[in-house]
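Per chain, numbering begins at 1; letters A, B, ... match sequence-line order.
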2 protein chains.
Amino acid sequence: MAFVRSGSNLSQIAALLGVSAATVSNALSGKGRVSAELVDKIRATAAEIGYVPSLTGRALRTGRTGVLGLVLPDIANPLFPQIAQAIEFAASSAGYGVLIADSRGSVAMQTDAISRLVERDVDGIVIVPRRGTRITDIGCPVAVIDSPSTPGNTVSADHWQGGQAVVEHLAGLGHRRFLLIGNNAASNVQNDRIGGMKSRLPQGGHAEVMWIERHEAQFGKGGLLGLAERVADGFTAFCAVSDLQALRALTELQRAGIAVPEAASVTGFDDLVWSSVITPGLTTLRMDMATIADIAIKALVRVIETDAAGTAVAADRPSVPMTLVIRQTTARMAASAGTVSNSEPETPPEGERR
Amino acid sequence: MAFVRSGSNLSQIAALLGVSAATVSNALSGKGRVSAELVDKIRATAAEIGYVPSLTGRALRTGRTGVLGLVLPDIANPLFPQIAQAIEFAASSAGYGVLIADSRGSVAMQTDAISRLVERDVDGIVIVPRRGTRITDIGCPVAVIDSPSTPGNTVSADHWQGGQAVVEHLAGLGHRRFLLIGNNAASNVQNDRIGGMKSRLPQGGHAEVMWIERHEAQFGKGGLLGLAERVADGFTAFCAVSDLQALRALTELQRAGIAVPEAASVTGFDDLVWSSVITPGLTTLRMDMATIADIAIKALVRVIETDAAGTAVAADRPSVPMTLVIRQTTARMAASAGTVSNSEPETPPEGERR
DNA sequence: CTGAAAGCGCTTACAG
DNA sequence: CTGAAAGCGCTTACAG
């Protein structure tokens, strides 16, 4: 602050104009107990000397810091940029700052992160919880962004509907045999997505779920997923619960000489930054993070500003629809599909260019 | 705060023990002007009633908030998680909180973001500047993370040395014709990386630079980069300035039926989360963000805590070496390389598994 | 070793 | 419409 504050404060303005600090405060905050002329004079002087109110002073007096905490399970998560950006935007639009905290994997650190924020007197916290964690009462308003099937007050994307959209799209293209690729069977989000997919299987459709962590526990980490063999088994649609897994699947198939989308379709979830940059572009589902963040922040702000004693937020548990982004990894099932394709992939036709 | 503070404060402890608030403060902060016994008693009582000091009160009195700002050019940047995580860790280890601000592309918003932070009385700011932006004196201590060739006080990875390491690695594998793939020719970081690459060309080596934004200005956004043709021209090494471009190159080559690494090697930069997950795993360079963040935060904290009047930081402009992470996209140049390979890629041998 | 006092910058009853 | 006073929770000279 020594550097920051230009040194001007309420009292200085007051002294300059021969009025009281209280009047300056009232004039500047526009509470309307000051004559219009005085307000103008005070405003002008404030602007002139470059007065910036001290949020710290205000915080001490009002008991509100105007800062929200954001706790993420793991900042290194590729989805984090989207979340952080949306939350930061929604919060600063509402006049709040955002303090970040990383729970770096462990549940213990999540608790730590939360208390660091609480010590800094944040007015509320947005939490994207670790898998399986339940956020209990932490003594300040909380909004949880997770999955609709998480118990407690949450805001989230409609992962189930997203899963339905994927399979509907692929079924419409003639696919019947789906390999659903998840990472961790304990994740609510992933289960919702896969549940949605299964719920929309077409007549005569068949789906099988592959959990990568389970596969790796058996065959070692980072190896191939054996997808070429699954193509030989007749699977033509590979639907991952995240773009990360979709990319893994796509590159594995390409590497094995299986043309995507001619011989196999691949879909992801989340529309991560690189999804539109790869060849072929990845068909995926996008969350409306702006809306989700908005709902979370608005709910938080409502609780904070009405001084409601509870910590509950968003009692109606809204879930926001996801949008299917169709790119080039999905295509009508070829007549020959269902057998390993060793045909040379052609250069994509002009119309397929992004 | 209404929710947050358990309600206990210095005066309460003081009242409980029949001593003054000043003594409680001194005891708790361990400044050593209080008898050992009293310190023990005070500590015990504090712990018992769950006293948590108000950082806001302290901030108002000391003129320091204990909060640092982090300004990023675009939170959606895939490198952001690494940076934010490292900064958050270094800052919280030093006892500081981190307030984020997104400059969302425009220079105007960068200025905005900075002043929002300054208004919140941050003690210092870490900036990852937008390309071409110069951070002028903003009235509070600043550490800039960019490239060593940025004018001003910066901390950064040694991008030049990273570029050298890439080409040395590939030259050692027999490669002679390098296509260096950049995105934006105005980026200091990218130019450093490419400059380093060029500086280590082997005897008889040849390098050509391709700037994607320039290419796209001519041929349209998101199309193919024409890499298959470059393979036909005899290029065998495709060195991107970022994993994002490397992924684009890799998938484009795979899609065109060119086997990586048998017919062409591909390298990236930054070791983004997915780089180890794709097939084949991407050879890339990793920044030591933990060290970079540490240097930035330490420099900032030194300026803040010595109450130095200036805003300069890290006068020695340290640059931190990058580490080559060799995976499977780079291999000894095949005898047949230099001509388009249409051979079926084989299933990777066991030893290549990650 | 300990305490009384002042003050960081603000806002909010309360009185005039 | 305007002002004097109190106080948010802390720390820091200063005095004893």
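Closest to the side chain of B:N9, out of D:dA5, C:dG3, D:dG9, is D:dG9. Nearest to the side chain of B:V19, among C:dC10, C:dT11, C:dG3, sits C:dG3. Considering only side-chain atoms of B:R61, the nucleotide from D:dA4, C:dA5, C:dC8 that sits closest is C:dC8. Looking at the side chain of B:L60, the nearest of the listed nucleotides C:dC8, D:dC10, C:dT12 is C:dC8.
Rounded to an integer number of Å, the gap from B:Y51 OH to D:dG9 P is 10 Å. The interatomic distance linking B:L28 (CG) with D:dC10 (P) rounds to 9 Å, in whole Å. In this structure, CZ of B:R64 is placed 18 Å from P of D:dC10, rounded to the nearest angstrom. When the C1' atom of C:dT11 is taken as reference, atom CG of A:L10 falls 9 Å away, rounded to whole Å. Atom NZ in A:K41 sits roughly 15 Å away from atom P in D:dC1 (whole-Å rounding). The CG atom of A:L17 sits 14 Å away from the C1' atom of D:dT2 (whole-angstrom rounding). Residue A:N26 contributes atom CG, which lies 9 Å from atom C1' of C:dT12 at whole-angstrom precision. As rounded to whole Å, 20 Å separates atom C1' of D:dC10 from atom CZ of A:R58.
Base pairing annotation: D:dC14 forms a Watson-Crick or G-U wobble pair with C:dG3, both donor-acceptor distances under 3.5 Å.
The two atoms that bring B:M287 and B:L79 nearest to each other are CE-CD2, 3.4 Å, heavy atoms only. Here the shortest heavy-atom pairing between B:A59 and A:T56 reads CB-CG2, 3.7 Å. Residues A:V301 and A:A94 share a closest heavy-atom pair of CG2-CB, 4.3 Å.
Two residues, B:S25 and A:T23, neighbour DNA chain D, and the one matched to the more 5' nucleotide by heavy-atom proximity is A:T23.
A sub-4.0 Å separation between OP1 or OP2 of D:dG9 and a side-chain N or O of B:S54 is absent.
The side-chain contact (heavy atoms from CB on, under 4.5 Å) test with A:I145 singles out one residue from A:I295, A:I87, A:L72, and that residue is A:I87.
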After noting the C-alpha distance and the side-chain angles of A:L17 and A:T23, does the key distance pass the side chain to side chain contact (heavy atoms under 4.5 Å, CB included) rule? CA-CA 11 Å; A:L17 290 168; A:T23 299; over 6 Å; no
